[in-house]
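Data first, discussion second: the structure below is written as structure tokens.
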Amino acid sequence: MEAVYANIGYSSFDELYIDEKIKTYRLGVQFPLEKSPMFGPLAYSPNLSLQLEAGLVEYEGTNYAWWHEKEDYRSTNGVSIAAAWVNNFSDNMAFMIGGEMNYLDRNKTHLPYNVSFMLNTGVVFQF
């Protein structure tokens, strides 16, 4: 294991009549990718790592549709997981690309499904 870290994320979506915000709070671990039966010899690189995260998600959304007599505000909490590949450019900096999956009760959101997916990219600073 290379690192243990906290990840806080914020995403928002504004359309004509819907305003949604998703906040994630996850703890994660980072593992170096070494030759192993799980990853195979093609996944090995001294510069590659795998990040795995788990935590909570908060949802807030408001529907401002003109055909409703009032605003429809909804909020709920759920579970969030994420995974990412990390390419270490130096001892202190890396680039990451991955995805997250959030599970929310769709009856308490304006989302069409219980699960939402997001693609993530970023720069990782290591101290």
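Not counting sequence neighbours, the partners of Tyr10 by the side chain to side chain contact (heavy atoms under 4.5 Å, CB included) test are Ser12, Lys21, Lys23.
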inquiry  = Please determine whether side-chain contact (heavy atoms from CB on, under 4.5 Å) holds for the pair Leu111 and Leu104, giving the CA-CA distance in whole Å, both sets of side-chain angles, and the decisive distance to 0.1 Å.
reply    = CA-CA 9 Å; Leu111 300 172; Leu104 297 158; 3.9 Å; yes
message = Evaluate Glu60 against Arg74 for salt bridge (Lys or Arg N to Asp or Glu O under 4.0 Å), listing each step before the verdict.
response = CA-CA 6 Å; Glu60 291 183 8; Arg74 299 179 186 181; over 6 Å; no
task = Could you walk me through whether Met101 and Ser116 pass the side-chain contact (heavy atoms from CB on, under 4.5 Å) test, one step at a time?
result = CA-CA 6 Å; Met101 182 176 76; Ser116 70; over 6 Å; no
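Between Phe125 and Met93, some side-chain heavy-atom pair lies under the 4.5 Å cut-off. Between Trp85 and Gln51, every side-chain heavy-atom pair lies at or beyond the 4.5 Å cut-off. Residues Thr76 and Thr109 are in side-chain contact: their nearest non-hydrogen atoms beyond the backbone lie under 4.5 Å apart. A heavy-atom distance below 4.5 Å is found between the side chains of Tyr103 and Asn114. Between Ile22 and Val57 there is a side-chain heavy-atom pair separated by less than 4.5 Å.
Nearest heavy atoms, Glu71 versus Tyr64: OE2-CE2, 3.1 Å.
The distance from atom CG of Leu48 to atom CZ of Phe31, rounded to the nearest 0.5 Å, is 15.5 Å.
Here the side chain of Asn102 pairs no donor or acceptor atom with the backbone of Ser80 at under 3.5 angstrom. A donor-acceptor pair is defined here as one N or O able to donate and one able to accept, closer than 3.5 Å; such a pair exists between the side chain of Arg106 and the backbone of Pro112. With hydrogens and angles disregarded, no donor-acceptor distance shorter than 3.5 Å links the side chain of His110 to the backbone of Tyr73. A donor-acceptor distance shorter than 3.5 angstrom exists from the side chain of Asn88 to the backbone of Asn47, with no hydrogens or angles considered.
Counted by atom type alone, Asn7 and Glu53 present one or more donor-acceptor pairs between their side chains at under 3.5 Å. Thr62 and Asp19 are not linked by any side-chain donor-acceptor pair at a separation below 3.5 angstrom, with hydrogens and angles left out of the test. In the model, Asn120 has a side-chain atom that pairs as donor or acceptor with a side-chain atom of Glu100 under 3.5 Å. Residues Glu20 and Tyr59 bring a donor and an acceptor atom of their side chains to less than 3.5 Å of each other.
Shown here is Asp91, whose CG atom has no more than 12 heavy atoms of other residues, nucleotides or ligands within 6.0 Å.
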